[in-house]
Engineer: 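Below is a structure I'd like to ask you about.
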Amino acid sequence: MHADVPARAGALLTIDLTALQQNYRRLAEQAAPARCAAVVKADAYGLGLDQVGPALAEAGANTFFVALPEEGMRLRSVLPDVTVYVLSGYFPGAEADYAEYQLRPVLNSLGDIERYRQAVENHPVPAGLHLDTGMSRLGLSRTEWLALQERPELIQGLDLRLHMSHLACAEDQDHPMNNEQLERYRQIQAFLPEIPASLANSSGLFLGPDYSFQLARPGVALYGANPTPGQPTPMQPVVRLSARILQVREIDSGESVGYGATYTADTPRRVATIAAGYADGLHRALSNTGRAWMEGYELPFLGRVSMDLITLDASNLPPALAQAGRSVDLLGPDQNVDSLAEQAGTIPYEILTNLGLRYHRQYLDHTT
Ligand SMILES: *Cc1c(COP(=O)(O)O)cnc(C)c1O
């Protein structure tokens, strides 16, 4: 899946839609007999909603989750017929948009439920219901849930097509929170047995069949991150990121590299400067700790990451490869998004959603 960085660009981001579709099918198999939705919030985790949405629909996804109504409106413009849920709720004043674009609000509080009851007559659209079981973030609190159990008429007659909760610690398979949340959610399901239930995100899908209920909601694993950290990844890599070498220079022992002179050479070194930096989502936290790759050779980051530039130690690279105009991989066969995230002290979600807007983007599918 490799191509050269185009002549006018600093870096090339290649997004493999076929790998994305394979990942969807793999997760759908894992979820079965539950159905498998796709979470495409934040521009499909930075990979491009307009391309990712249709590719997932082609692979069989027919239920999508976004965070915001505007994201849903954009998804609707490329996918007129799929089911779309808006996780962040039912925004006051936007009721007509939910109905016009058929965006199902996920109701997150008793207040949301009440407002939905009042608005839905004039602005008809089905809805979902989020019940908090341990995140303390969105969804009906425990107190609200108890109130709802005492007054089930609050949701009587409403067109609720889904209820859901969200796991706090699913990527840690041994965390006791997983089972605690499962038990709480089972009680909810027992009270609302008619409504399809959904609990598992990407990692939740790998906690066992009990977690899948009727609908799974994977996001990050679709895009190639490992949902089972510490174990071999079941996912295909979806992104490759290659950056052009702008200059190569030799420095003497004692010379420093970059802002703040945070790296000083202890022996003569060869430095390759590439056309990507923190403005492209390569976090400044990668300074002196990140790595790039070329044909199996590792090139450690030297000094600080700049806005548009990163300096690499190319001392071990054969001189024929250490040339301006060649490209190095930040993400590719030698380094996946999980590894780069670890080097940056963050999670793959943040690497993906920060992928720069000025990368030249190339989408690969079965027709290319
Ligand atoms: C983002 C999100 C997901 C997807 O989570 P991943 O860990 O990316 O699979 C599922 N459900 C909710 C409520 C979310 O906010």
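Both backbone and side-chain heavy atoms feed into the values below; hydrogens, waters and symmetry mates do not. Each ligand, and each atom within it, is numbered from 1 in the order the structure gives.
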Engineer: Does this structure show an ion pair linking Asp308 with Arg358, if we count only N-O contacts that are shorter than 4.0 Å?
Structural biologist: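 Salt bridge: yes.
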Engineer: What does the list of residues with a heavy atom under 4.0 Å from ligand 1 look like, ordered by chain and number?
Structural biologist: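 Residues Val39, Lys41, Tyr45, Leu87, Arg137, Met164, His166, Asn201, Ser202, Arg217, Pro218, Gly219, Val220, Tyr349 each place a heavy atom under 4.0 Å from ligand 1, listed by chain and number.
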Engineer: Extract all donor-acceptor atom pairs below 3.5 Å that involve side chains of residues 310-324 and protein atoms in other chains or at least two apart in sequence.
Structural biologist:
from   : atom 1 : to     : atom 2 : distance (Å)
Thr311 : OG1    : Leu302 : O      : 2.6
Asp313 : OD1    : Ser315 : N      : 3.0
Asp313 : OD1    : Ser315 : OG     : 2.5
Asp313 : OD2    : Arg269 : NH1    : 2.9
Ser315 : OG     : Arg270 : N      : 3.1
Gln323 : NE2    : Pro319 : O      : 2.8

Engineer: In the structure I gave you, are the side-chain heavy atoms of Leu56 and Leu20 within less than 4.5 Å of one another anywhere?
Structural biologist: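 When only atoms from C-beta onward are counted, Leu20 and Leu56 do touch, with a gap below 4.5 Å.
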Engineer: Less than 4.0 Å between a side-chain N and a carboxylate O, is that true for Arg186 and Glu183?
Structural biologist: yes
Engineer: Should Asp334 and Arg291 count as an ion pair when the cut-off is N to O under 4.0 Å?
Structural biologist: no
Engineer: Measure the acute angle between the ring planes of Tyr45 and Tyr349, then classify it against the limits of 30° and 60° as parallel, tilted or perpendicular.
Structural biologist: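 Rings of Tyr45 and Tyr349: tilted, 30 to 60°.
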